[in-house]
A.B. asks: 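Before we start, here is the structure in question, set down as C-alpha cells.
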2 protein chains.
Amino acid sequence: MHLNIKEPTTRNAKNTFEQIEKAAIKLFYKKGYHGTTVKDITSEAGVAAGTFYLYFPSKVVLYKHILTSFSHNIRKHIAEKVAQKTSRLDKEKEGIKAFILYAKKNPEMYNIIWESLYIDRELFRDYYESFAIRYVNGLEKAKRNQEIRDVDSEIMSFILMGITNFIGLKVVFDLGQDNDDIEHIVDGVLDLLKNGLFTK
Amino acid sequence: MHLNIKEPTTRNAKNTFEQIEKAAIKLFYKKGYHGTTVKDITSEAGVAAGTFYLYFPSKVVLYKHILTSFSHNIRKHIAEKVAQKTSRLDKEKEGIKAFILYAKKNPEMYNIIWESLYIDRELFRDYYESFAIRYVNGLEKAKRNQEIRDVDSEIMSFILMGITNFIGLKVVFDLGQDNDDIEHIVDGVLDLLKNGLFTK
DNA sequence: TCATAAACTGAACACTTATTCATATTATAT
DNA sequence: ATATAATATGAATAAGTGTTCAGTTTATGA
C-alpha cells in the first residue's frame, strides 16, 4: 500500500510533519475522523492549511498513515513483551497485560483502529485478520507442545482478541469500576483461561 | 431521551416512515453514517428529500432512533432465548448462540452500534455499560447458586461480551474460515468456559 | 554572498449536503 | 360534497470543507 506521503527532509520540516501527525491523532481521538477538519488539524499543529498538502495528498491518507503506524506499534510492542516469556501461559498473560497497558497509555488507538470500519473496510479486515493469523500460529505451536488443550485455534484467537479488546475498552473508557487495578483485571482473565467459568 | 420523532398516523404514512427506516439501515450499514446522505436515504426509500423532515427532525435523530431500536431488539431477543433455559451453562450457551445468529441475520447491527462511538459517545457508553450491568446480575445469581466459580462478575461480563462480539465479528465479516458452522463455533466458546485453555 | 530549492502561507475555489419552505396532492370526517 | 388536516414535493438556501495555487519566506550549499 503506497500512500504517497512526502517525508520531510530538514529538521524544521520534520517537526512540522510530526506536529501534524500529533494534532491529527489528538483530534481524530477527540472528535472522530469526520468530525475533524483539515483546518482543525493545521490550526492545532500551528501551521497554515496549505502546509498539510506539502506532506499528505489527502486527509484520508493521513488517517491511513496513522492507522498503519498504530497497528505496527501495538503489534511490535506485544511481540517484544511476549518474546521475553517462554511458557504459553506466561506469554498469554504478558500479551494481555501489554495490550491493556498500551491501550491505557494510548487511548487514541481504539478510536482510530475501530473507526477504520467506517473509513476503509479493507483496512479493518486486514488488521483483524492478520492479527488472528499471528495468534493462530502461536496457539498451534502451544498445542504441539501440549501447553494448551486441543482447541480450534482460529476460534480461540477471536475469543482471545475479543477478551483483550473488550477489557481494553473497559479500561480506556472507564466502563464500570476498578479500572486502575490492571493486575487484578489481568488475573481475572487468566483465571478464566486456567480454570474456565463453571464449577465442576 | 426524547428524539422528537413524528410518528405517522395513517397507513400510507406509516409505510413511508418504515421505508425511510429500512433505507437508512441498509445505507448506514453499506456506507456508514457519514457516507450516507439524506438524499441517499430518501431516494432509496422512494420519497422526496423534504419528506424526511416530516418524520425526523434531523439525520442524527434517525440514527439514534435506529440504534435504540436495534439495541432494544437484540437485548429482548437474547433475554427471551436465555429465559427458556434453567442452568447457567445452558443460559450462557443459548445467549452466545442467540447473539451470533441474530448478528448473522442482522449484519447491520454491528456497524450501527459500533459507529455510535463516532456519532455520540454517550450512546456507546450507555449501550455497553447497561449490557454489562445485566450480565453482572445474571452472573451474581449463578455464583450464589454455585453454578459458576467465584469470579469478578464485572470483569467476567466484559470478557463474555468481548467473546460474543468478536465471534460475531468473525461471522458477520466472514473473517477466517468455517463461519457457517455456528454450532461448532458456539461449542468452541463453551469448551473454553467449561475447561479453560491450558492443559493441567 | 547569492542563486536555487525547500518550506510555508492563506485566500479562493469547487463541491457537497443538511435543512427549509412555498406549493401541491391526498386522505379524513362531517 | 367539501372543508380541513395530513402528507408529499423538490428546488432553493446556507453553511461547511477538502483541496489548490500564486505568491512569500526561509534554508542550503557553493
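Naming: A, B, ... by sequence-line order, numbering from 1 per chain.
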A.B. asks: Is Thr16(B) near enough to dT7(D) that one of its side-chain N or O atoms lies under 4.0 angstrom from OP1 or OP2?
C.D. replies: no

A.B. asks: Using a cut-off of less than 4.0 Å, is there contact between a side-chain N or O of Tyr53(A) and OP1 or OP2 of dT19(D)?
C.D. replies: yes

A.B. asks: Could you write out each protein N or O paired with an N or O of nucleotides 24-30 of chain C at a distance under 3.5 Å?
C.D. replies:
{"residue": "dA27(C)", "atom": "OP1", "partner": "Asn12(B)", "partner atom": "ND2", "Å": "3.3"}

A.B. asks: Answer yes or no: does a side-chain N or O of Lys39(B) lie under 4.0 Å from OP1 or OP2 of dT17(C)?
C.D. replies: no

A.B. asks: Taking only side-chain nitrogens and oxygens of Thr9(A), does any of them come within less than 4.0 Å of OP1 or OP2 of dA7(C)?
C.D. replies: yes

A.B. asks: Is a donor from one side chain sitting under 3.5 angstrom from an acceptor on the other, for Thr37(B) and Asp40(B)?
C.D. replies: yes

A.B. asks: Are Lys64(A) and Phe56(A) in a cation-pi contact, defined as NZ or CZ under 6.0 Å from the six-membered ring centre and within 45° of the axis?
C.D. replies: no

A.B. asks: May I ask you to evaluate whether Thr37(B) reaches the phosphate of dT16(C), defined as a side-chain N or O under 4.0 Å from OP1 or OP2?
C.D. replies: no

A.B. asks: Please state whether the phosphate of dT7(D), meaning OP1 or OP2, lies under 4.0 angstrom from any side-chain nitrogen or oxygen of Lys6(B).
C.D. replies: yes

A.B. asks: Using whole Å, what does the distance between atom P of nucleotide dG10(D) and atom CZ of Phe52(B) come to?
C.D. replies: 17 Å

A.B. asks: Quick check on dG10(D): is either OP1 or OP2 less than 4.0 Å from any side-chain nitrogen or oxygen of Thr42(B)?
C.D. replies: no

A.B. asks: Would you say Thr51(B) places a side-chain N or O within less than 4.0 Å of OP1 or OP2 belonging to dT9(D)?
C.D. replies: yes

A.B. asks: Quantified as the angle between the terminal helix axes (five pairs each), what is the overall bend of the helix from dT1(C)-dA30(D) to dT30(C)-dA1(D) to 10 degrees?
C.D. replies: 10°

A.B. asks: Under 4.0 Å between a side-chain N or O of Tyr55(B) and OP1 or OP2 of dA8(D)?
C.D. replies: yes

A.B. asks: Does Tyr29(A) have Arg121(B) sitting over its ring (NZ/CZ under 6.0 Å from centre, angle to axis within 45°)?
C.D. replies: yes

